[in-house]
**Student:** 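Got a structure for you, questions after.
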Amino acid sequence: MRLPVITTDGKFIARYTDAGLAELNFPTTGRASTRAVKGEIISANIRRWHRVTEAAVKNILAGRAPKHLPPLDLAGTAFQKQVWNALRKIPAGQTKSYGEIARAIGRPRAIRAVGGACGANPVPLLVPCHRVLAAGKKLGGFSGGLDWKRRLLVGEGVGW
DNA sequence: TCCGTATTGAACT
DNA sequence: AGTTCAATACGGA
């Protein structure tokens, strides 16, 4: 089940399973339109979750920590989930390095693997992979494009 | 098993 | 200040 999240910055696409939000994509430039979601039956749960998701996305875009998050149904390996879980502990307005995340999950040498897990994150924004910088406060990379990463950090008042 | 990473830090020019 | 290089863990083919 895919539903659009309309914001002033574009149309994000949220994908839900019975268990919760499974995916949240940045606005796609051109390809993959909203697609015929109509006709599908939207369960009460998903409707409720989607309202929470919309509010959370808008808050994050405005640089504020979302008050509530929908339940997440993240598909990934145990390692990736550990990383994503660690990312969610980063408070808004703060950043960490890939090395710090690696240490936080007890694998100080899994630095590059952390980068890989960030890139595999199906739910950017809600899982704040944009708060992870490379050593020396360099930007590193970002799945949705570095422009987004810069913008989100600036929105949270992070300077580097 | 080999390859590519959203890395890192040191050793060079 | 820029470049090269090895070490490194994980995931996909």
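Scope of the values below: all heavy atoms of this structure, side chains included, with no hydrogens, waters or symmetry mates. Each chain gets a letter, A, B and so on, in the order its sequence line appears, and its residues count up from 1.
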**Student:** Backbone N or O of Val127(A) within a donor-acceptor pair of the Asn121(A) side chain at under 3.5 Å?
**Tutor:** yes
**Student:** Here's a test of your reading of the structure: between Gly116(A) and Gly136(A), which maps to the more 5' nucleotide of DNA chain B?
**Tutor:** Gly116(A)
**Student:** Given dT8(C), dG9(B), dG11(C), which nucleotide is nearest the side-chain atoms of Arg109(A)?
**Tutor:** dT8(C)
**Student:** Whole Å only: how far is the CG atom of Leu133(A) from the P atom of dT8(B)?
**Tutor:** 9 Å
**Student:** Between Lys96(A) (side chain only) and Ile90(A) (backbone N and O only), is there a donor and an acceptor less than 3.5 Å apart?
**Tutor:** no
**Student:** Heavy atoms, side chains only, cut-off 4.5 Å: are Ile105(A) and Asn85(A) in contact?
**Tutor:** no
**Student:** Any side-chain N or O of Ser143(A) below 4.0 angstrom from OP1/OP2 of dA6(B)?
**Tutor:** no
**Student:** Within the 4.0 Å heavy-atom criterion, would you say Gly119(A) contacts the bases, only the backbone, or no part of the nucleic acid?
**Tutor:** base
**Student:** Select one nucleotide: of dT8(B), dA6(B), dT5(B), the one nearest the side-chain heavy atoms of Arg112(A).
**Tutor:** dT5(B)
**Student:** When the distance from CG of Leu125(A) to P of dA6(B) is rounded to whole Å, what number comes out?
**Tutor:** 19 Å
**Student:** Is there a side-chain contact (heavy atoms from CB on, under 4.5 Å) between Trp148(A) and Leu61(A) once you walk through the steps?
**Tutor:** CA-CA 10 Å; Trp148(A) 275 107; Leu61(A) 290 178; 3.7 Å; yes
**Student:** What nucleotide among dA6(B), dT8(B), dC10(C) has an atom nearest to a side-chain atom of Phe79(A)?
**Tutor:** dC10(C)
**Student:** Reckon Arg107(A) has a side-chain N or O less than 4.0 Å from the OP1 or OP2 of dC10(C)?
**Tutor:** yes
**Student:** Just how far, in rounded Å, is P of dA6(B) from CG of Leu146(A)?
**Tutor:** 10 Å
**Student:** Would you kindly give the CD1-to-C1' distance between Ile111(A) and dA9(C), to the nearest whole Å?
**Tutor:** 10 Å
**Student:** Just to verify, which of Val123(A), Asn45(A), Val52(A) counts as forming a side-chain contact (heavy atoms from CB on, under 4.5 Å) with Pro70(A)?
**Tutor:** Val52(A)
**Student:** Report the secondary structure of DNA chain C in dot-bracket form, marking unpaired bases with a dot and bases paired to a different strand with |, and treating Watson-Crick or G-U pairs with both distances under 3.5 Å as paired.
**Tutor:** |||||||.|||||
**Student:** For residues Arg47(A) and His50(A), determine if any side-chain heavy atom of one lies less than 4.5 Å from a side-chain heavy atom of the other.
**Tutor:** no
**Student:** Checking Thr53(A) against Tyr16(A): is there a side-chain donor and acceptor pair closer than 3.5 Å?
**Tutor:** yes
**Student:** Thr77(A) has a side chain; which of dA6(B), dT8(B), dG11(C) sits nearest to it?
**Tutor:** dG11(C)
**Student:** Please determine, for the side chain of Ala113(A), which listed nucleotide (dT8(B), dA6(B), dC10(C)) has the closest atom?
**Tutor:** dC10(C)
